[in-house]
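See below for the structure under consideration.
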Protein chains: 2
Amino acid sequence: MSVTLKQLAASLGLSPTTVSRALNGFPEVNAATRKRVEHAAAAANYHPNTRAKSLATGRAQAIGHVIPVSTSHEIVNPVFADFIAGAGEIYARNGYEMILRVVPDDSEAHAYRDLMARGSVDGVILHGPRTNDARVAMLAELGLPFLLHGRTSGVSAPYSWIDINNQRSFKRATEFLCNFGHRRIALINGLEEMDFARRRRNGYLEALDEAGLAPDPMLMRQAEMTEPYGYRAAQELIQLPDPPTAFLASSMIVAYGILRGLSDLGLKLGSDISVVTHDDELSYLPNDGDVPLFTATRSSVREAGRRAASMLLQLVAEPGSGPLTELMETALVLGASTGPARV
Amino acid sequence: MSVTLKQLAASLGLSPTTVSRALNGFPEVNAATRKRVEHAAAAANYHPNTRAKSLATGRAQAIGHVIPVSTSHEIVNPVFADFIAGAGEIYARNGYEMILRVVPDDSEAHAYRDLMARGSVDGVILHGPRTNDARVAMLAELGLPFLLHGRTSGVSAPYSWIDINNQRSFKRATEFLCNFGHRRIALINGLEEMDFARRRRNGYLEALDEAGLAPDPMLMRQAEMTEPYGYRAAQELIQLPDPPTAFLASSMIVAYGILRGLSDLGLKLGSDISVVTHDDELSYLPNDGDVPLFTATRSSVREAGRRAASMLLQLVAEPGSGPLTELMETALVLGASTGPARV
DNA sequence: ATCAATTTCCAAAACGCTTTGGATGAACGC
DNA sequence: GCGTTCATCCAAAGCGTTTTGGAAATTGAT
């Protein structure tokens, strides 16, 4: 059993009040006494009981992440692990706990209410926002500080978010391909009910439009971002009567699928056909080296996690500090997977 | 602000005691009163404050996961997300919270002591056990219920764990390749300081031995399991004077790297060269379909997460229930990546 | 030396719940 | 009608902190 404040105070011949103040850096305690208390605390391996502390202060010292697990397709977002790692770093550094709730996506709203009502967290981070996401209004009404990883088109009320510039990112990637002479560019997107995927498509369409190219629905796909999805998409599209000469992929995993699909048909990336992908810099799928495998729009999701956590903690500390937003630009890095269109 | 027990009691003209007992199913409360209380609680959206509750009961109602982030190689284990999803499901169902600590791997011990001293969790799950893992002795001494995801060779004291039969798994895979006439089989392993990797190597060696084949150090590699690692390993090994005719990979991601490395050289899986991989059934890397891409030793890490959580909750509920262990066998599923050795 | 201002400490209340140890009637047996 | 047993409720203590509102001792100014 761990030592309590009262015990520590007794062993020092002091009152709990003084010990508490000594350890929490209040001014009204003698410097000598403070030293004495600090030493005793360290010696006894004293750590304040989190629950008691937060009961007394009213702050949970914890941030919640609700991860919805789709009841139908059952996919766990691989990006999630790296984001969490980044955020967790910041929480730990600031004495916050991270609590995770894995819930079926149809009872996500309930999870937030529950976390709020039980006072388990001081704020939450929302993952995977969709177009017109109802969670935003709900959380605003609840009065629980929150921050979106991503944005949600169609919601007019202000809210805090951190996002990458998906639209610009995919616009630039598309332009880049156009400049290489590509006229038929396929978009292998994530589910377009997800806000990021929608924005990426918008960027893609915008660039096509500016290049005077008409979008072809046959070349646009959306689905859960698995490797086989990329594979099938590549194989099917390349066998169209008028096949694409370039692919735009929404994630490294999809890009690997496309790569496999194409090389199974004997096509070589860069020379025969081009691929640009978004790269979240997942640690186990590094796309670096002198010449990266894929030309990519690159942005570290782990860094996004760090920043998101910092922003939310700021929001929790000063509830008035208004909606905080940050738009991260991605880098368009040149890899070996792109080249001029074959004529 | 959420409603408290006291307020609820006042609004009902009852004492907090009675309301508490009514909601917690104690017998000494009138059936009619209980109904009345339950309705009022639901109407007021009452949820007991977690911190107050656990202060009073002494139980945290939370399980901790400490995920060490290597200060050097900075890899976030992709298997982690799926495991967590499985475990989280069980926690949620049983009213437990999941708390995550992301810590530099050199201060992991401190994290456990801290969680314990602050009374933040009722138990912890250990990830990524190494050979002779010191954390086991430490936690046993702390008196905090814990369970390993994996095992740790060299530790004699009993402890609770859930693991897959890595040794048997890789032994069977190796035997399978031997039966196809393969004599030179490469092992592209994870870091062998990790217990699972060590066991896999043992299984591999055992099978080679029984087949009367001498292991060749040139054919055995270990590293962090990234895609480029698989790629490089495949390319380098295949260009040896006496190259392998089959590869054994430690994860799907590595297997994809190998696949890319080989097909870049124009080799076709199954006919030209064989690959068997371990498959954790990560949701975004499904290896299924009529004929799976890879022949694989398959075991769902998500299911392991579920079972691990159940076991730990059991351990927390009945501390005496002694070390709980479960060894999950893997399935050896036939895919398109294996065939008879080319002569 | 006196009074006010500082320092330095403490007793007690509060946070929101559970739980112990009764209290109050009603029902029951005779 | 009386004592006993149940059924049903409650007051108060306690969990381990923080924080409010002093109190005592020391210092400083005059």
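Scope of the values below: all heavy atoms of this structure, side chains included, with no hydrogens, waters or symmetry mates. Below, chains carry the letters A, B, ... as their sequence lines are ordered, and counting in each starts from 1.
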Between [X] ([atom1]) and [N] ([atom2]), how many Å, whole number?
| X | N | atom1 | atom2 | value |
| --- | --- | --- | --- | --- |
| A/E28 | D/dT18 | CD | P | 13 Å |
| B/R59 | C/dT18 | CZ | C1' | 10 Å |
| B/F26 | C/dT18 | CZ | P | 8 Å |
| A/L12 | C/dC10 | CG | C1' | 15 Å |
| A/Q7 | D/dC15 | CD | P | 10 Å |
| A/L5 | C/dA11 | CG | P | 13 Å |

Kindly point out which of [options] is positioned nearest to the side chain of [X]?
| X | options | answer |
| --- | --- | --- |
| A/T18 | D/dC10, C/dC10, D/dT8 | C/dC10 |
| B/L55 | D/dA11, D/dC15, C/dC15 | D/dC15 |
| B/K53 | C/dT18, D/dT17, C/dG16 | C/dT18 |
| B/L14 | D/dC9, C/dT19, C/dC15 | D/dC9 |

Checklist entry - Side chains of A/D195 and A/S153: donor-acceptor distance under 3.5 Å anywhere? => result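 Side-chain D/A pair, A/D195 to A/S153: present.
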Next on the checklist: For B/R135, is there any backbone N or O sitting under 3.5 Å from a side-chain donor or acceptor partner on B/D133?
Outcome noted: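 At least one qualifying donor-acceptor pair exists.
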Item to check | Flag, side chain of A/Y159 to backbone of A/T152, donor-acceptor distance under 3.5 Å | outcome: yes
Next on the checklist: Return whichever of A/R21 or B/P27 has its heavy-atom-nearest nucleotide of DNA chain D closer to the 5' end.
Outcome noted: B/P27
Checklist entry - Which residue lies toward the 5' end of DNA chain D, A/N24 or B/R34, if each is placed at its nearest nucleotide? => result B/R34
Item to check | Closest contact, heavy atoms only, A/L312 versus A/V124 | outcome: CD2-O, 3.6 Å
Checklist entry - With nearest nucleotides of DNA chain C determined for A/A31 and B/H47 from heavy-atom distances, which residue corresponds to the more 5′ nucleotide? => result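 Result of the comparison: A/A31.
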Given [N], is OP1 or OP2 found less than 4.0 Å from the side-chain N or O atoms of [X]?
| X | N | value |
| --- | --- | --- |
| B/T33 | D/dT8 | no |
| B/N49 | C/dC17 | no |
| B/Y46 | C/dG16 | no |
| A/N30 | C/dT7 | no |

Checklist entry - Hey, which of B/I164, B/D280, B/I84 is the one that makes side chain to side chain contact (heavy atoms under 4.5 Å, CB included) with B/V301? => result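 By the side chain to side chain contact (heavy atoms under 4.5 Å, CB included) criterion, B/V301 pairs with just one of B/I164, B/D280, B/I84: B/D280.
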With heavy atoms under 4.0 Å as the rule, sort [X] into base, sugar-phosphate or nothing.
| X | result |
| --- | --- |
| B/S54 | nothing |
| B/T57 | sugar-phosphate |
| A/S20 | base |

Item to check | Polar pair under 3.5 Å, donor/acceptor by atom type, side chain B/T17, base C/dT19 | outcome: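 Per atom types, the contact qualifies.
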Checklist entry - Which of parallel (below 30°), tilted (30 to 60°) and perpendicular (above 60°) describes B/F83 and B/H127? => result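 Rings of B/F83 and B/H127: perpendicular, as their planes differ by over 60°.
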